Protein chains: 2
Amino acid sequence: MSNTDHPMEKLVRKLASRNVLSSEDQNAILALPYVTRTYEPNSYLIREGELAKRYCSFVLSGFAYRQKLTAQGARQIVSLHMPGDILDLQHLFLKLADHNVQALTKLETADVDRDGLRVLATERPAVAQAMWIDALVDASVFREWVMNVGRRNARTRIAHLLCEFATRMKFAGLNNGENFELPMTQEQIGDATGLTSVHVNRTLKLLAEDGLVYRDKRYLSFTDWEHMRSVADFSSLYLHLDQAGLPAP
Amino acid sequence: MSNTDHPMEKLVRKLASRNVLSSEDQNAILALPYVTRTYEPNSYLIREGELAKRYCSFVLSGFAYRQKLTAQGARQIVSLHMPGDILDLQHLFLKLADHNVQALTKLETADVDRDGLRVLATERPAVAQAMWIDALVDASVFREWVMNVGRRNARTRIAHLLCEFATRMKFAGLNNGENFELPMTQEQIGDATGLTSVHVNRTLKLLAEDGLVYRDKRYLSFTDWEHMRSVADFSSLYLHLDQAGLPAP
DNA sequence: CGAAAACTTGACCCAACTCAACGAACGTGG
DNA sequence: CCACGTTCGTTGAGTTGGGTCAAGTTTTCG
């Protein structure tokens, strides 16, 4: 995936991975007006309780995350997002935002008018279905995360987070699936897994000592994917990566 | 909500609570063919890994839950469902089921053909939007559950589960919001909150000793809703209950 | 280069888990 | 409708995974 692509070509590729699209469908997406925006690390794209945005953001470069806060101020990251992800489909038809969306790194988005997307959805059922599927896959990831923080120990939880990230990055064409930078502080990894940064530190150290990952700063390499997968209790089924590929049921 | 209603009238009411529907929209829903099915407690409606069903189930009576299992066999309940809930919108466009759906009590559903629903969605954008919103609200609940199991202690977690259940039951017209039966074993409450049944037992006892709830078998009464809400860190924002009511943004 | 942020490690603690025993409630068949 | 097996709920005793607190050390970045 080259960086010189037209932003909407990337969006076409994303939606085409969710549902088969005709060339008319694809052209309709390419014709969508958009503006690009950039965000600094930690800046907010959406705040809980606000009216949902009038536009829908598509990630061109950088990383973002969804997050909620308890009354006592504890933070729970509920999902991670990377180039090629659509951020606001979760709020496309909702009036108030129920969570926060924050830039993890420097972030570049292409923002498409929400009403324009809604019209497109009405006129092009296949595109609507692709967007709908994308939102359903997000929901599937949320369910997996409920299980991850609810029923797995620290070692498995963190390993699972790493496997999910690596798998999604590979699918998005952003790495080879085994060597990658995880652009998160250990505190953020803790916020994503329901742990403290201290325990994340100790657990990452153990994973490295056990020879499952090689670590250098935030760069990670899996030494044995299958072993890692097994420690992480990871199966990519919930990511629905082959959604558009399978024959219709 | 009377029990003598036509099942599709209940579905109309549900969808109309998600988006404003014209009388033509409503009539189109009423005209949907369906069959009713009943399930015994603990029976499976959907199994992880299976092809998604060709129909979409709408709960007429009884309760159900979504659930995932870790490789070690630990169960995590990821959502609860009650009369008026639509169960399969999460899989409407997905090819493989990524989680299990099980009857909690004796359950009665009205099953609508999935392709019929898809056609309806194509022809009636307002209905499509209502269904889409319903799926988005489910996703919002998943996010809240990630935070619940990830960042709250046992007392708050369980109180939050009770508040959510009471609020949704009240909104569905099934109780007054403060006195209700929670048709779950303590083990199931544990599976929903990421705790063991022993600790659920102790924590429920503490909530009762502190005068927050009165308990008799599985019947619960809140003695002070506002106090309970505060202990539970509960805000109904994430349930998007007023979605159809608010003025358009 | 200096300050702030992120990472690391040790010592100690506690919320929740495990194991185990028993009592209460339920449902099922005779 | 009662006996009885099974599931569910309750409680105690002891354990532990992960948290807390605190003090460095390293990295990042202006």
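All figures in this text were calculated on a predicted structure; none of them were measured in a lab. Each chain gets a letter, A, B and so on, in the order the sequences are listed, and its residues count up from 1.
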Exercise. Kindly state whether the ring of A:His91 and the ring of A:His99 have centres lying under 6.0 angstrom apart.
Key: yes
Exercise. On DNA chain D, check which nucleotide each of A:His199 and A:Lys217 is closest to and give me the residue with the more 5' one.
Key: A:His199
Quiz prompt | Whole-Å gap separating C1' (C:dT18) and CG (A:Asn153) | solution = 15 Å
Quiz item: Does a nitrogen or oxygen in the side chain of A:Thr196 sit under 4.0 Å from OP1 or OP2 of D:dG18?
Solution: no
Practice problem: For A:Arg215 and for A:Arg202, locate the closest nucleotide of DNA chain C by heavy-atom distance; then report the residue assigned to the nucleotide nearer the 5' terminus. | Solution: A:Arg215
Quiz item: Which is true for A:Gly194 with a 4.0 Å heavy-atom rule: it touches a base, it touches only sugar-phosphate, or it touches nothing?
Solution: sugar-phosphate
Quiz prompt | Residue mapping more 5' on DNA chain C - nearest nucleotide basis, A:Val198 or B:Val200 | solution = A:Val198
Quiz item: B:Arg218 near the nucleic acid: base, sugar-phosphate alone, or nothing, with a heavy-atom cut-off under 4.0 Å?
Solution: sugar-phosphate
Quiz item: Do the ring centers of B:Phe180 and B:Tyr219 come within less than 6.0 Å of each other?
Solution: no
Quiz item: Whole-Å distance between D:dC29 P and A:Glu40 CD?
Solution: 12 Å
Quiz item: CG of A:Leu206 versus C1' of D:dG17: gap in Å, rounded?
Solution: 12 Å
Quiz item: Looking across every strand, which nucleic acid part, if any, lies under 4.0 Å from A:Arg155 by heavy atom: base, sugar-phosphate, or nothing?
Solution: nothing
Quiz item: Separation of B:Leu204 atom CG from C:dA16 atom C1', in whole Å?
Solution: 15 Å
Quiz item: Any side-chain donor paired with an acceptor under 3.5 Å for A:Tyr238 and A:Glu164?
Solution: yes
Quiz item: Rounded to the nearest Å, what distance is computed from the CD atom of residue A:Gln186 to the P atom of nucleotide D:dG18?
Solution: 16 Å
Quiz item: Please give, in whole Å, the distance from D:dT10 C1' to B:Leu195 CG?
Solution: 17 Å
Exercise. Nearest whole angstrom, please: distance from the P of C:dA15 to the CZ of B:Arg157.
Key: 13 Å
Quiz item: Does A:Arg152 place a side-chain N or O at less than 4.0 Å from the phosphate oxygens OP1/OP2 of D:dG17?
Solution: no
Quiz item: What's the OH-P distance between A:Tyr219 and D:dT28, to the nearest Å?
Solution: 10 Å
Quiz item: Does A:Thr185 put a side-chain nitrogen or oxygen below 4.0 Å from OP1 or OP2 of C:dA6?
Solution: no
Practice problem: Look at the side-chain N and O atoms of A:Asn201 and state whether any lies under 4.0 Å from the OP1 or OP2 oxygen of C:dT8. | Solution: yes
Quiz item: So, is B:Lys205 near the phosphate of D:dT10, with a side-chain N or O under 4.0 Å from OP1 or OP2?
Solution: no
Practice problem: Check B:His240 against A:Leu96 and note the closest heavy-atom contact, atom names and distance. | Solution: CE1-O, 3.0 Å
Quiz item: Does A:Arg229 use its side chain to pair, donor to acceptor, with the backbone of A:Phe234 at less than 3.5 Å?
Solution: yes
